[in-house]
K.L.:
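My structure is below; once you've seen it, I'll send some questions.
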2 protein chains.
Amino acid sequence: MTIEKHSKQPPSSGRVRKKNQSLILKAAEQDFLEHGFKGASIKSIAERAGIPRANVHYYYKNKEAIYADILSKILALWDSSIIVCDEEPAKVLGDYIYAKVMYSKTNPEASRLFASEFIHGAPRLQAYLKTDFKTWIDEVKAIIQGWIEQGKMDAIDPLYLLFTIWGATQHYADFCPQVTAAMAKDKLTDHDFEQVAQTLTQIILKGCGIKK
Amino acid sequence: MTIEKHSKQPPSSGRVRKKNQSLILKAAEQDFLEHGFKGASIKSIAERAGIPRANVHYYYKNKEAIYADILSKILALWDSSIIVCDEEPAKVLGDYIYAKVMYSKTNPEASRLFASEFIHGAPRLQAYLKTDFKTWIDEVKAIIQGWIEQGKMDAIDPLYLLFTIWGATQHYADFCPQVTAAMAKDKLTDHDFEQVAQTLTQIILKGCGIKK
DNA sequence: GTTTATCTTGACACATGTGTCAACTTGTTT
DNA sequence: AAACAAGTTGACACATGTGTCAAGATAAAC
């Protein structure tokens, strides 16, 4: 996916530009989160951002362009939380789970937007899934497979392990209203998230037969 | 939430009625799944169902009414997969995980619609979350707490355990495009789902210190 | 301080979606 | 087969959303 700017896109410059684009993106993220891609409207985004609709069109050709810009920023962030090898499984997976839980805490909007995209069929992520994502997956699969062959953990399909970690961690961002209802709280505290990370790490490491 | 029918709602009768409502609901579910609540339109639903728009309005007052009907049916199904006590933890949790995985396989649309509702803030589920859901949660929490006190499993917060099971199982329905991309398949087979259930059960039971 | 690029905005033409109604057709009941 | 209930439909009035443009305001560069 390419980041499409308005056709009259200037070479560089911009301070006003930067400020306004940031206003638009923040407003748009909210609108996409509340109403989904199709349900969001430039009208509503402009109102949230506090600028006239025609001005939004000056910076972004259309809704697709705004969405692409937001999505590409989320993908960049997502990719950066990579498993590093050369360490023991307990350390690597523990760190990864911790990072994922903290991502749910710090970037719930990004997590939910990402989830929304998949739920609605991921029409805008096909390219990503077949390139960067697939490469990443294959690398990680090989690392985990290596651990199994070295007897460092039980024979568990690496993909199922990854899906379990993703599902369990993202749940706290994506299903937030359900989680808070179950816990009878308005909002999870920092301490809650630490507990989540610790509990999940415990279940998964022990469940995979990984010794600390 | 109440199921609102058209104001001229007849006492009973209906064969034509049943057939058409079913057509509308099926078409609407697809449209809601693709575009979210706000993004779906009665126009598009009518076209999918192959009937004129005015006819949809004859059966349902508006989009809200259609959505409420669909959601209430999903909630009824959801509630029915309940943990039964008086059994050993390994059996109860194993069965529950299996049921949840099979639900993701058999009713992916329902799972995704439910997820979509939470992601967009669950505006239409507040009542449910505070009543039926909360009651169910508190019962299950007590059962698991009991197991911990009897030394049948490790001391793990029952809620975190439930969230882990939900997140891990629903992931296969909600993030289907991501899962199939990672597995380099078009679609998961029955055998894949059996494997998922088995692996997940293994990880979670062992991870919670539950003996078979 | 004038010029030039950047930004702002109301207004217009068009597209999509909504809810209702009255006239009509089809089922159902007796 | 007559009578009434249920279902069907095109058309209308209205609401919301889109993309573009031309004229004017503001900022940047010289």
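On a predicted model such as this, the values are computed, not experimentally measured, just so you know. Convention: sequence-line order gives letters A, B, ...; per-chain numbering from 1. Worth knowing before you read on, the calculation uses all heavy atoms, side chains too, and leaves out hydrogens, waters and symmetry mates.
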K.L.:
So for Arg53(B) and dG19(C), does any side-chain atom that can act as donor or acceptor lie under 3.5 Å from a complementary atom in the base?
P.N.:
yes
K.L.:
Could you pull out all residues at least two apart from Phe193(A) that satisfy ring-ring contact (aromatic ring centres under 6.0 Å, His included)?
P.N.:
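None.
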K.L.:
As a test of reading the structure: which of dT8(C), dT18(D), dG7(D) is closest to the side chain of Tyr59(B), going by heavy atoms?
P.N.:
dG7(D)
K.L.:
Side chain of His120(A), backbone of Ser116(A): donor and acceptor closer than 3.5 Å?
P.N.:
yes
K.L.:
What is the separation between atom CD1 on Ile51(A) and atom C1' on dT8(C), rounded to the nearest whole Å?
P.N.:
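After rounding, the reported distance stands at 10 Å.
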K.L.:
With the side chain of Ser41(A) defined as its heavy atoms from C-beta on, choose the nearest nucleotide among dC21(D), dG17(D), dG19(D).
P.N.:
dG17(D)
K.L.:
What is the separation between atom CD1 on Ile42(A) and atom P on dT16(C), rounded to the nearest whole Å?
P.N.:
15 Å
K.L.:
Determine: side-chain N/O of Lys43(B) to OP1/OP2 of dT16(C), distance under 4.0 Å, yes or no.
P.N.:
no
K.L.:
Roughly how many Å is it from CD1 in Ile24(B) to P in dG7(D), rounded to a whole number?
P.N.:
11 Å
K.L.:
Figure out the NE2/C1' separation between His57(B) and dG10(D), and round it to whole Å.
P.N.:
14 Å
K.L.:
For His35(A) and dT16(D), what is the distance between atoms NE2 and P respectively, to the nearest whole Å?
P.N.:
14 Å
K.L.:
Does the dG7(D) base have a donor-acceptor partner in the side chain of Arg17(B) within less than 3.5 Å?
P.N.:
no
K.L.:
Rounding to a whole Å, what distance do you find between Tyr60(B):OH and dG17(C):C1'?
P.N.:
20 Å
K.L.:
If the plane angle is over 60° it's perpendicular, under 30° parallel, otherwise tilted; pick one for Tyr172(A) and Tyr160(B).
P.N.:
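Plane angle over 60°, so perpendicular.
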K.L.:
Take a 6.0 Å sphere around NZ of Lys206(B) and say whether it holds more than 12 heavy atoms from other residues, nucleotides or ligands.
P.N.:
yes
K.L.:
Using whole Å, report how far CG of Asn55(B) lies from C1' of dA6(D).
P.N.:
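Whole-Å distance recorded here is 11 Å.
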K.L.:
Just compare dG19(D), dT20(C), dT9(C) and give me whichever is closest to any side-chain atom of Pro52(A).
P.N.:
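The answer is dT9(C), which lies nearest to the side chain.
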K.L.:
Over how many whole Å does the gap from Glu64(A) atom CD to dG19(D) atom C1' extend?
P.N.:
15 Å
K.L.:
Looking at the side chain of Tyr58(A), which of dC7(C), dA6(D), dG19(C) is the nearest nucleotide?
P.N.:
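Output: dC7(C).
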K.L.:
Here's a test of your reading of the structure: between Lys38(B) and Asn20(B), which maps to the more 5' nucleotide of DNA chain D?
P.N.:
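Result: Asn20(B).
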K.L.:
Kindly point out which of dG17(D), dG10(C), dT8(D) is positioned nearest to the side chain of Ala54(A)?
P.N.:
dG10(C)
K.L.:
Decide, yes or no, whether a salt bridge links Asp192(B) with Lys105(B) under the criterion of side-chain N to carboxylate O below 4.0 Å.
P.N.:
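A salt bridge is absent here (no side-chain N lies under 4.0 Å from a carboxylate O).
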